[in-house]
Chemist: 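Shown below is the structure under consideration.
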Amino acid sequence: MHQLIKPNRFDNAAEDLIHVKDLGYTYPDGTKALEKIDFQVQAGDRIALVGHNGSGKTTLVKHLCGLLSPQQGTVVYKGNALGEDHLATARLEIGLLFQDPDDQLFGHSLYEDVAFGPRNQGLAEEAVDLAVRQAVASVGLEDLLFKPPHALSYGQKKRAALAGLLAMQPELLILDEPTANLDPLQEQVFIDLLKNYQGTLILISHDLIFLYELCNRALVLDAGRVHHDYPLKELVEHRPSLREHGLDFSFRFADSRQQDIEAREERRNLTPDAEVRPEAPLPALVETRDLHYRYPDGTAALCGVNLKISPGEHVALVGENGAGKSTLLMSLLGLLPFQGSYHFAGQKIVAGKGRLVWQQTGMVFQDCADQLVCPTCYDEVAFAPRQFGLKESEVEDLVYNALKSVKLDDFSDRVPLHLSGGERKRLALASVLSLQPQLLILDEPTAGLDPGGEEMLLEILADLDVTLLLVCHDIFFVRELTERTLVMHRGQIALDYSTKDFLEDKNLTTLNGLDYTYRNRCALQIQELQHRHEHAHAHRHHHDHPHRHGELLHSHPHEHEHDHPHTYTHSHSKDGAHQHPAQSLYHDHSHPDHEQEDHDHDH
């Protein structure tokens with residue numbers, strides 16, 4: 001079913017597929033996004049485009065596909081600058097997957113969306129139909145072919161957007177954070193498809209293991225400039241470079257987190273073995289009984305959810321994309337016409353009339369841009385307190401404290417949509433903390449963040465004194481921030497147990513096919529790469545060389561020197577420096593074909 005998803009290869013090997021020369025671009029507010037960008041892309045390259053949030057990656061790829069025109073320099077595709085008629089042709093050969101799939105899904109059905117590209121390529125309707133069905137089948141959505149895109153889950157939308165590109169058989173495929181917000185099962189769908197993709201590939205991602213499986217070249221942007229352009233393996237192995245560009249996630253390793261955990265426990269006046277929950281059970285802050293919800297097309301999203309969260313609890317909600325997690329959150333905010341019983345802080349909540357919930361619950365969305373609506377950061381954080389009629393002097397204090405708590409003290413006058421992804425995420429958090437909510441809901445808080453931003457967010461969340469409901473595929477954050485985990489499947493809470501038991505449950509894959517330990521294994525794989533290097537150096541060998549004198553067999557030791565690679569394991573200090581273990585002068589190992597080498601012996 002994949003034969004149609006093959007690009008027409010660029011045959012002129014003497015030319016670059018893309019040549020970027022002295023590219024520069026400045027945002028309307030005067031911020032430089034790109035400056036003096038120079039690099040080439042050969043047909044068949046598989047490039048990881050990485051760097052800090054805000055380093056210019058998305059702006060760069062928008063130039064590569066013609067969505068933005070250079071203010072300085074040129075972007076050359078197949079020997080001609082992108083512009084006029086050549087740009088119209090290039091757009092039919094270059095596919096760009098946006099971070100947010102809603103930005104490229106607009107049809108009445110999945111079929112119409114995926115057919116849009118092939119029809120614009122001028123294919124006959126029979127060929128369009130074949131392209132659509134093969135592309136949709138390749139991403140596993142053939143049963144949803146005529147469903148409206150807006151009725152799909154987030155993960156399904158992401159795959160639908162990819163199908164729309166694959167149906168066009170693009171020669172160059174560019175993906176911007178393709179695995180953000182996806183469960184491990186859907187990540188694997190992307191990995192399998194992209195491994196089989198025969199064209200040129202450019203991936204923006206902070207997921208180094210995802211990139212390492214698919215790419216062989218790293219293009220590192222820093223403040224709008226190309227800082228490195230070299231093999232991906234060299235970047236992954238060099239921790240100082242990862243740290244410099246916000247890509248080092250060694251904070252996820254258990255040994256490096258221990259001091260932070262102990263410090264946090266000390267601040268809470270707890271010992272590592274202390275009981276977190278109060279001795280006497282408190283009345284539930286959130287309690288639902290037999291909660292149901294159906295989408296307008298009749299699809300059951302919630303099927304009798306029973307949930308109880310006590311004040312001060314830190315609870316994780318996990319499950320596959322489409323399990324009903326986001327629908328449950330919208331219901332807890334009183335935004336959906338659910339059926340069943342819902343009480344918040346002992347008071348019954350009626351759908352659509354949840355003012356009590358809105359004042360005492362703060363939610364940070366998957367895409368925080370959906371909740372940033374004001375011209376300045378100050379106004380953004382002040383928005384909610386003002387809606388509830390607080391005096392401006394009170395508002396000022398709340399805004400100051402909220403911005404300080406998320407390390408955005410000096411951002412009051414900044415424009416929210418001009419911030420980096422990590423800064424916007426923290427601003428959205430500040431905007432819900434300004435009302436000092438009893439319940440904080442975080443929906444995929446790490447999506448789109450570089451490891452540096454993840455580390456900062458983790459430090460902020462660990463210090464908050466609030467009831468927490470964390471919806472996340474990142475099991476490291478689940479482990480660090482919660483004591484209880486709910487596993488949701490097909491609109492129901494299938495499992496409810498301690499986070500410790502959840503992490504030790506080896507049978508979870510039988511429930512929904514998800515491998516919840518994927519991220520932890522990824523971190524360990526990168527750590528192993530950082531600790532193993534191959535070095536070649538001159539060293540000596542001793543050999544016994546048997547030979548005959550008549551009927552007598554003699555064995556004479558001799559010595560020779562040569563170069564060959566050895567793999568060393570080393571340790572890292574906090575600044576990334578490493579030291580190899582002491583090596584002996586002589587190396588003892590097999591030496592194939594030694595007998596065929598020239599050597600002399602005294603005998």
Side-chain angles (χ1 to χ4, degrees), residues 140 152-156 158 179-189 252 276-277 284-294 299-310 312-333 336 338 340 342 363-364 366 439-447 461 467-523:
L152 302 177
S153 72
Y154 182 89
Q156 291 167 342
K158 202 91 165 184
T179 61
N181 298 335
L182 295 188
D183 63 49
L185 201 61
Q186 301 202 66
E187 284 185 26
Q188 194 61 50
V189 171
R252 292 173 174 267
V276 175
R277 297 185 185 182
L285 179 64
V286 172
E287 186 170 11
T288 70
R289 294 178 183 175
D290 200 28
L291 209 64
H292 289 261
Y293 177 76
R294 285 185 177 273
T299 303
L302 300 179
C303 305
V305 174
N306 297 309
L307 171 65
K308 185 176 181 180
I309 301 176
S310 298
E313 271 197 301
H314 288 184
V315 179
L317 181 63
V318 304
E320 73 273 19
N321 290 115
K325 302 186 299 297
S326 294
T327 305
L328 176 58
L329 299 186
M330 292 298 103
S331 297
L332 295 181
L333 290 171
L336 294 178
F338 58 82
Y342 173 30
M363 177 172 169
V364 179
Q366 288 186 25
L439 174 65
L440 175 62
I441 301 175
L442 302 176
D443 193 359
E444 297 294 349
T446 63
L461 296 176
T467 305
L468 177 66
L469 180 57
L470 174 68
V471 179
C472 195
H473 292 121
D474 190 331
I475 301 307
F476 174 77
F477 268 67
V478 170
R479 186 187 74 198
E480 292 292 307
L481 295 174
T482 69
E483 303 104 22
R484 177 181 163 210
T485 297
L486 313 174
V487 180
M488 200 163 184
H489 181 55
R490 295 183 179 179
Q492 295 181 316
I493 294 178
L495 295 168
D496 179 353
Y497 48 0
S498 72
T499 296
K500 180 177 182 295
D501 290 338
F502 162 71
L503 295 171
E504 294 174 353
D505 191 342
K506 295 181 172 26
N507 298 316
L508 275 174
T509 54
T510 61
L511 176 66
N512 51 26
L514 297 191
D515 182 359
Y516 292 99
T517 63
Y518 173 75
R519 289 287 167 198
N520 291 341
R521 290 204 314 275
C522 290

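All heavy atoms count here, side chains included; hydrogens, waters and symmetry mates do not.
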Chemist: So, the side chain of Gln366 versus the backbone of Asp443: is there a donor-acceptor pair under 3.5 Å, distance only?
Modeler: no
Chemist: Within the 4.5 Å heavy-atom criterion, are Phe477 and Thr482 side-chain neighbours or not?
Modeler: no
Chemist: Would you mind reporting whether Leu332 and Leu469 have side-chain heavy atoms less than 4.5 Å apart?
Modeler: yes
Chemist: Any chance you could measure Ser331, atom OG, to Leu291, atom CG, to the nearest 0.5 Å?
Modeler: 5.5 Å
Chemist: So Val315 and Lys308, side chain to side chain contact (heavy atoms under 4.5 Å, CB included) or not? Walk me through it.
Modeler: CA-CA 10 Å; Val315 179; Lys308 185 176 181 180; over 6 Å; no
Chemist: Only counting residues at least two apart or in another chain, list the ones meeting ring-ring contact (aromatic ring centres under 6.0 Å, His included) with Tyr293.
Modeler: Tyr295
Chemist: Within the structure provided, determine whether Phe338 and Thr288 are in side-chain contact (heavy-atom separation under 4.5 Å).
Modeler: no
Chemist: Do you know the tightest heavy-atom contact between Val478 and Ala316?
Modeler: CG1-CB, 3.7 Å
Chemist: Could you list the residues that satisfy salt bridge (charged side-chain N to carboxylate O under 4.0 Å, His left out) with Glu287, not counting sequence neighbours?
Modeler: Arg289
Chemist: Just so I know, are the side chains of Glu480 and His314 near enough to count as touching, which here means a heavy-atom distance under 4.5 Å?
Modeler: no
Chemist: Got His473 and Lys325 here, is their nearest side-chain heavy-atom distance under 4.5 Å?
Modeler: yes
Chemist: Only one of Leu307, Leu328, Val305 forms a side chain to side chain contact (heavy atoms under 4.5 Å, CB included) with Leu486, so which one is it?
Modeler: Leu307
Chemist: In Å and rounded to the nearest 0.5 Å, what is the CZ to CG distance from Phe476 to Leu503?
Modeler: 11.5 Å
Chemist: Heavy atoms, side chains only, cut-off 4.5 Å: are Phe502 and Val318 in contact?
Modeler: yes
Chemist: So, for Leu470 and Pro445, which heavy atoms are closest and what is the spacing to 0.1 Å?
Modeler: CD1-CG, 3.6 Å
Chemist: Holding to salt bridge (charged side-chain N to carboxylate O under 4.0 Å, His left out), I want the full list of residues that pass it with Asp496, two or more places apart in sequence or in another chain.
Modeler: Arg484
Chemist: If you measure from NZ on Lys158 to OG1 on Thr179, what distance do you get to the nearest 0.5 Å?
Modeler: 7.5 Å
Chemist: Please examine the side chains of Ile309 and Leu285, heavy atoms only from C-beta on, and report whether any two atoms are closer than 4.5 Å.
Modeler: no
Chemist: To the nearest 0.5 Å, tell me how far Glu320 CD sits from Met488 CE.
Modeler: 9.5 Å
Chemist: Would you say Leu461 and Leu442 make side-chain contact, with heavy atoms under 4.5 Å?
Modeler: yes
Chemist: Checking Asp290 now: which residues fulfil side-chain hydrogen bond (donor to acceptor under 3.5 Å, both in side chains) with it, not counting sequence neighbours?
Modeler: His292
Chemist: Residues in side-chain contact (heavy atoms from CB on, under 4.5 Å) with Gln156, at least two apart?
Modeler: Leu141, Leu144, Leu152, Ser153, Arg159
Chemist: Please walk me through it: do Tyr497 and Asp505 pass side chain to side chain contact (heavy atoms under 4.5 Å, CB included)?
Modeler: CA-CA 10 Å; Tyr497 48 0; Asp505 191 342; 3.0 Å; yes
Chemist: Any chance you could measure Asn306, atom CG, to Gln492, atom CD, to the nearest 0.5 Å?
Modeler: 9.0 Å
Chemist: First locate atom OG1 of Thr485, then atom CD1 of Ile475, and finally report the distance between them rounded to the nearest 0.5 Å.
Modeler: 7.5 Å
Chemist: Going by the rule salt bridge (charged side-chain N to carboxylate O under 4.0 Å, His left out), which residues pair with Arg490 if we only count those two or more places apart in sequence or in a different chain?
Modeler: none
